[in-house]
Asker: 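First, the structure itself, so that you have it in front of you.
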Number of protein chains: 2
Amino acid sequence: MWAPVCQAVVLLLGPYAEVVLHDPRTDRVLGIWNPMTARQHGDPSLLGELDALDQAKQDVYGPYLKVLADGRRLSSVSAVLRDPGGEPSAVLCINLDRTPLEEAAAVLAGFAAPTVQRPEPLFEQDWVDRVQHTVGSYVRESGRRVERFGREDRLAVVGRLDEAGVFAVRRATPVVAAALKVSRSTVYALLAEHRDRRTSP
Amino acid sequence: MWAPVCQAVVLLLGPYAEVVLHDPRTDRVLGIWNPMTARQHGDPSLLGELDALDQAKQDVYGPYLKVLADGRRLSSVSAVLRDPGGEPSAVLCINLDRTPLEEAAAVLAGFAAPTVQRPEPLFEQDWVDRVQHTVGSYVRESGRRVERFGREDRLAVVGRLDEAGVFAVRRATPVVAAALKVSRSTVYALLAEHRDRRTSP
DNA sequence: CCATGTTCGGACTGTACGTCCAGATCGGAC
DNA sequence: GTCCGATCTGGACGTACAGTCCGAACATGG
């Protein structure tokens, strides 16, 4: 029943994702696509994941970190799949090997951060990274890329940055504008609206 | 004479690199390839880079960080080019826009980061307290009260604050001046001297 | 008393901050 | 497609602030 979903996900995420379908009643593996470990159909699931899912009220859980024996680091999500009657019929787990992504990120970071002198920073000058990171987090949360942000998205990000005190540091506004792919004017407009909403909702 | 080198570099680094050739005698731009700012041939170089190169014994300098007015961040290297007689005939500067690299790195890092939680490390709002604290610590170390500070004492404190990045935040200078019981002018003077000593002890 | 070194106050310049607005652009509704 | 409202843009503008400069005041020590 759920097999096409699993196949589709594996097709999309290439060789770096493993999809496992568990039977919550027998606690065994129903099926596995692109296995990264030796597990196969019929093996016990031996997953604390299921317990965690039981306790939580939500059916979708993660992403959380898992580390394989060989050191590979996985980002994992789980979901309870229910039949039309509302009863759990399967548990879906997607495990994405993030090692190659981390390596690629390290390569790019090497290009991007080559300052030859690092004599100082007691307290971080890296508020720029912080801006980048805040935007990145929101992208991940919302599932939208910066280019596809709507007004509310930008407002939310600017709000977080403001509460983080970023705009108190000099020359911060152009940096934020660049990170949001937006003009300086727009940042000021969003900032004004955000502060306005705070005081008079 | 050096033009082919510049063209080659620009060709290699695509649209993200700017190459500028300066005349160290007249302090003007000799040529510019793929300009990222409005500078053009004949404009004054207005670069502290040249001074830095004079003082250093080396001919190649960097990479160091430069931030453009629009928020783009550049990795820059400079090199003194000499004629066969050993006299400086030009200064070469290569500026690489690292923004796209940082964005790509952020995207990958976003994939690789598994945590779903939102608690961002909040930016320090209490930099004012930090200033007070820094001054207070020095008072305790030296055994002198602020009013009895000598020039070297103030210099030391300003140095620490500068390295802590305090002067990057807006309206910080008056606060520091007040904490040191000193005029704004003096803070700037001390700051200038401290930064001067850093580069040429 | 002078000499030297430091700070002060204030005037001054340039840069960056923040505002504003007319025109471009986008996203839907029809 | 065409229209319209919402939103973003780029530039111009006024202002506030960062930083510089200098003559006068004020310490120190001889």
Side-chain angles (χ1 to χ4, degrees), chain A residues 125 127-128 131 135 138 142 144-159 161-162 165-199, chain B residues 36-39 43-48 51 66-74 127-128 131 135 138 142 144-159 161-162 164-199:
Chain A
Q125 202 84 355
W127 57 272
V128 183
V131 171
V135 175
Y138 192 92
S142 67
R144 280 182 288 279
R145 296 185 295 140
V146 194
E147 293 83 358
R148 298 259 186 258
F149 272 14
R151 183 175 180 75
E152 288 304 318
D153 296 319
R154 299 192 238 266
L155 249 171
V157 174
V158 167
L161 291 174
D162 189 26
V166 167
F167 294 101
V169 14
R170 310 181 53 209
R171 293 179 202 93
T173 317
V175 174
V176 173
L180 274 177
K181 300 271 179 64
V182 150
S183 81
R184 209 169 55 94
S185 315
T186 306
V187 173
Y188 283 117
L190 296 168
L191 191 52
E193 176 157 353
H194 168 254
R195 288 176 174 167
D196 212 47
R197 287 193 190 175
R198 293 239 107 198
T199 56
Chain B
M36 308 179 70
T37 64
R39 289 189 295 180
D43 285 356
S45 297
L46 39 86
L47 295 178
D51 303 336
K66 226 187 307 189
V67 182
L68 254 44
D70 60 5
R72 279 181 298 177
R73 306 174 70 204
L74 310 178
W127 58 272
V128 183
V131 171
V135 175
Y138 193 91
S142 65
R144 281 181 290 275
R145 297 188 302 137
V146 197
E147 293 82 359
R148 298 263 183 253
F149 272 13
R151 184 174 179 77
E152 288 304 318
D153 296 320
R154 299 192 238 266
L155 208 51
V157 174
V158 167
L161 291 173
D162 189 26
V166 167
F167 293 100
V169 9
R170 313 183 54 206
R171 291 177 211 101
T173 317
V175 174
V176 173
L180 275 177
K181 302 274 178 61
V182 151
S183 82
R184 214 169 52 93
S185 315
T186 305
V187 174
Y188 282 117
L190 296 168
L191 191 52
E193 176 156 354
H194 167 254
R195 286 177 174 167
D196 211 50
R197 288 193 189 173
R198 293 225 78 155
T199 55

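Order of the sequence lines sets the chain letters (A, B, ...), proteins ahead of strands, with each chain counted from 1.
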Asker: Just jot down the side-chain contact (heavy atoms from CB on, under 4.5 Å) partners of B:R184, sequence neighbours excluded, or say none.
Answerer: B:T173, B:Y188
Asker: Determine whether B:E152 and B:L155 make a side-chain contact, defined as any pair of heavy atoms from C-beta on separated by less than 4.5 Å.
Answerer: yes
Asker: Using the salt bridge (charged side-chain N to carboxylate O under 4.0 Å, His left out) criterion, which residues pair with A:R144? Sequence neighbours excluded.
Answerer: A:D153
Asker: For the helix from C:dC1-D:dG30 to C:dC30-D:dG1, what angle separates the axis at the start from the axis at the finish, each from five pairs, in steps of 10°?
Answerer: 30°
Asker: Tell me every residue that passes side-chain contact (heavy atoms from CB on, under 4.5 Å) with B:A177, counting only those two or more places apart in sequence or in another chain.
Answerer: B:V187
Asker: What residues, two or more places apart in sequence or in another chain, satisfy side-chain contact (heavy atoms from CB on, under 4.5 Å) together with A:T186?
Answerer: A:V182, A:S183, A:L190
Asker: List the residues meeting side chain to side chain donor-acceptor pair (under 3.5 Å) with A:R170, not counting sequence neighbours, and say none if there are none.
Answerer: none
Asker: Not counting sequence neighbours, which residues clear salt bridge (charged side-chain N to carboxylate O under 4.0 Å, His left out) with A:R195? List them please.
Answerer: A:D162
Asker: Quick one: side-chain contact (heavy atoms from CB on, under 4.5 Å) partners of A:R145, sequence neighbours excluded?
Answerer: A:E147, A:R148
Asker: Name the first nucleotide and the last nucleotide along DNA chain C (5' to 3') that come under 4.0 Å of a heavy atom in chain B.
Answerer: C:dT6 to C:dG18
Asker: Taking only residues two or more places apart in sequence, or in another chain, which ones meet B:R151 in a side chain to side chain donor-acceptor pair (under 3.5 Å)?
Answerer: B:E193
Asker: Using a 4.0 Å heavy-atom cut-off, write out nucleotides 7-20 of chain D from 5' to 3' as B (base contacted by protein), S (sugar-phosphate only) or - (no contact).
Answerer: SSBBBB----SBBB
Asker: Residues in ring pair (Phe, Tyr, Trp, His ring centres under 6.0 Å) with A:F167, at least two apart?
Answerer: none
